[in-house]
Amino acid sequence: MSQLNIMDSEVDIVVGALHSDLTSFMNEWKPIFSQYHLIIVKDPELKEDLIIPDGFDLDVYTQQDIDRIVGASNSIKFSGYSCRYFGYLMSRKKYIISIDDDCVPAKDDKGLLVEFVAQHISNLSTPATPFFFNTLYDPFRKGADFVRGYPFSLRSGVACSLSCGLWLNLADYDAPTQALKPSLRNTRYVDAVLTIPAGAMLPVSGINIAFDREVVGPALCPALRLAGEGKFRWETMEDIWCGLCVKVTCDHLKLGVKSGLPYVWRNERGSAVESLKKEWEGVKLMEEVVPFFQTLRLPEAAVTAEACFLEIAKAVKEKLGRSNQMFARAADAMVEWVEIWKNAGSGPLPVDN
């Protein structure tokens, strides 16, 4: 499989705005963002007007747009971090890069600015190798290749549909870990990318990801919401659930998922101790959720992300929803999302009346 040539015009950068004043955030990213189209979605629960500096090519969406385009959704809430998914819905580009508004560009181990977009594009434009692990990480990166013993029949790889970047400073620990180790920070920059093996689950974080919207976009949905969900990463599980769904989808469709570069720098937010009670529900749920996804097998007839997502929703309803209404609601949201995607997530963008 040859490397793809992804044009800048094929990329949207989506930002979920949970802060009203984006001046510092946007200016920090200006050297990188200025050559791309941006979609900024304002958290519907944010009361203040957004403050965005000039010099960017962007579209801004608010609660009014969500109401106009999606309508009164019974299952899907685009509040908090989930507002980013409305940006995925509104994009008409093939590729989406998503970044949180509490992150700024990082520097590599040589002190150079990380090529954030370029590295995500590199991950998506080169094949992934999920069916046999290469011990030298990504064999398609410069200076690397397949190691001895790697079957030649698998060396062409498969298309990579999801790129999961990392971050320095405040790592993606859960609230119990961060509360027990309040000074723990990620200071180690590892210059590596690897393909997640087929069948292996991973906790995808929406903080810093890129994906092929046309291929797997319908499988990224903010379906699962905790009863006491809050406004900090420790208090949400929508992206963890979303990542499990999209990984099962990619495995079934023989698509690849990569993790590693690019890094961003994540600033301090919230209190792990205060978030502990809210997140504990999610910590317990994972003990039930992960085995379910590890053993889930989709029918051969499911040949698109939409079909896979509906099959996952059906299994969630039947196997998890009977004992916990939270899962039943998640299954309903997944079915509704596919319908919304069909109506609003493709073709011409809806216009104001």
Side-chain angles (χ1 to χ4, degrees), residues 3-19 22-41 52-53 55-58 81 84 87-88 91 93-126 128 137-138 140-142 160-172 185-195 204-213 220 233 239 243 256-269:
Q3 181 171 342
L4 300 174
N5 182 23
I6 298 176
M7 309 287 288
D8 291 354
S9 59
E10 296 181 279
V11 178
D12 266 339
I13 297 176
V14 173
V15 179
L18 274 70
H19 302 83
L22 297 180
T23 304
S24 175
F25 168 78
M26 297 293 285
N27 286 336
E28 288 270 14
W29 282 104
K30 194 165 188 175
I32 297 171
F33 283 180
S34 57
Q35 66 190 88
Y36 298 96
H37 177 255
L38 279 73
I39 292 177
I40 298 178
V41 185
I52 303 173
F56 299 91
D57 172 23
L58 54 82
Y81 288 105
R84 75 172 76 249
Y88 302 169
S91 174
K93 302 295 180 65
K94 180 170 176 56
Y95 300 98
I96 285 179
I97 297 175
S98 185
I99 182 72
D100 271 9
D101 66 354
D102 60 358
C103 297
V104 296
K107 292 184 178 180
D108 63 18
D109 50 355
K110 300 180 179 64
L112 302 175
L113 193 68
V114 171
E115 296 182 359
F116 169 71
V117 174
Q119 184 59 60
H120 270 309
I121 295 304
S122 176
N123 292 344
L124 292 173
S125 62
T126 54
Y137 307 111
D138 189 343
F140 292 94
R141 289 194 69 206
K142 184 178 180 181
C160 179
S161 294
L162 176 63
S163 168
C164 303
L166 301 174
W167 44 98
L168 298 170
N169 192 34
L170 192 62
D172 201 21
R185 294 294 179 269
N186 181 29
T187 59
R188 186 175 58 167
Y189 180 94
V190 180
D191 185 13
V193 176
L194 57 83
T195 294
V204 172
S205 171
I207 291 173
N208 170 19
I209 63 170
F211 59 93
D212 186 326
R213 179 187 181 276
L220 284 92
R233 269 289 164 213
D239 53 346
V257 175
K258 293 183 182 180
S259 178
L261 301 180
Y263 280 85
V264 296
W265 179 276
R266 187 172 170 223
N267 292 315
E268 311 290 326
R269 279 196 69 207

Which heavy atom of [X] sits nearest to which heavy atom of [Y], and what is that distance?
X: N123; Y: P262; result: ND2-CD, 4.2 Å
X: A210; Y: L124; result: CB-CD1, 3.8 Å
X: N27; Y: P31; result: O-CD, 4.0 Å
X: C164; Y: V204; result: SG-CG2, 4.0 Å
X: I40; Y: A17; result: CG2-CB, 4.0 Å
X: V11; Y: M7; result: CG2-O, 3.8 Å

Would you mind telling me which of W29, Y36, Y263 makes a ring-ring contact (aromatic ring centres under 6.0 Å, His included) with F116?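 With F116 as partner, ring-ring contact (aromatic ring centres under 6.0 Å, His included) holds for just one option, W29.
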
So V15 and L58, side-chain contact (heavy atoms from CB on, under 4.5 Å) or not? Walk me through it. CA-CA 10 Å; V15 179; L58 54 82; over 6 Å; no

If I take atom [atom1] from residue [X] and atom [atom2] from residue [Y], how far apart are they, to the nearest 0.5 angstrom?
X: I99; Y: I13; atom1: CD1; atom2: CD1; value: 9.0 Å
X: S125; Y: Y95; atom1: OG; atom2: OH; value: 7.5 Å
X: D102; Y: L18; atom1: CG; atom2: CG; value: 8.5 Å
X: L220; Y: I96; atom1: CG; atom2: CD1; value: 8.5 Å
X: I97; Y: R213; atom1: CD1; atom2: CZ; value: 14.5 Å
X: S98; Y: N208; atom1: OG; atom2: CG; value: 8.5 Å

Donor-acceptor pair, D108 side chain versus Y189 backbone, under 3.5 Å? no

Is W167 reaching over with its side chain to a backbone N or O of N186, donor-acceptor style, under 3.5 angstrom? no

Do any pairs count as a salt bridge (Lys or Arg N to Asp or Glu O under 4.0 Å) and have a residue in residues 4-19, sequence neighbours left out, and if so which ones?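 For residues 4-19, and leaving out neighbouring residues, the salt bridge (Lys or Arg N to Asp or Glu O under 4.0 Å) pairs sorted by first residue read D12-K93.
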
For [X], what residues pass the side chain to side chain donor-acceptor pair (under 3.5 Å) criterion, not counting sequence neighbours?
X: T23; value: D21
X: N169; value: E268
X: E115; value: none
X: Y137; value: none

Could you walk me through whether M26 and F56 pass the side-chain contact (heavy atoms from CB on, under 4.5 Å) test, one step at a time? CA-CA 9 Å; M26 297 293 285; F56 299 91; 3.7 Å; yes

Derivation and outcome, side-chain contact (heavy atoms from CB on, under 4.5 Å), residues L166 and S259: CA-CA 8 Å; L166 301 174; S259 178; 4.3 Å; yes

Candidate list H120, Q119, K258, test side-chain hydrogen bond (donor to acceptor under 3.5 Å, both in side chains), partner S163, passing option: H120

From the list D101, D239, D100, side-chain hydrogen bond (donor to acceptor under 3.5 Å, both in side chains) partner of R84 resolves to D100

ring-ring contact (aromatic ring centres under 6.0 Å, His included) with Y88: which residues, sequence neighbours excluded?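 Expected list: Y85, F211.
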
Test side-chain contact (heavy atoms from CB on, under 4.5 Å) on L170 and R185 and set out the steps. CA-CA 5 Å; L170 192 62; R185 294 294 179 269; 4.0 Å; yes

Does D191 pair with R141 as a salt bridge, N-O distance under 4.0 Å? yes

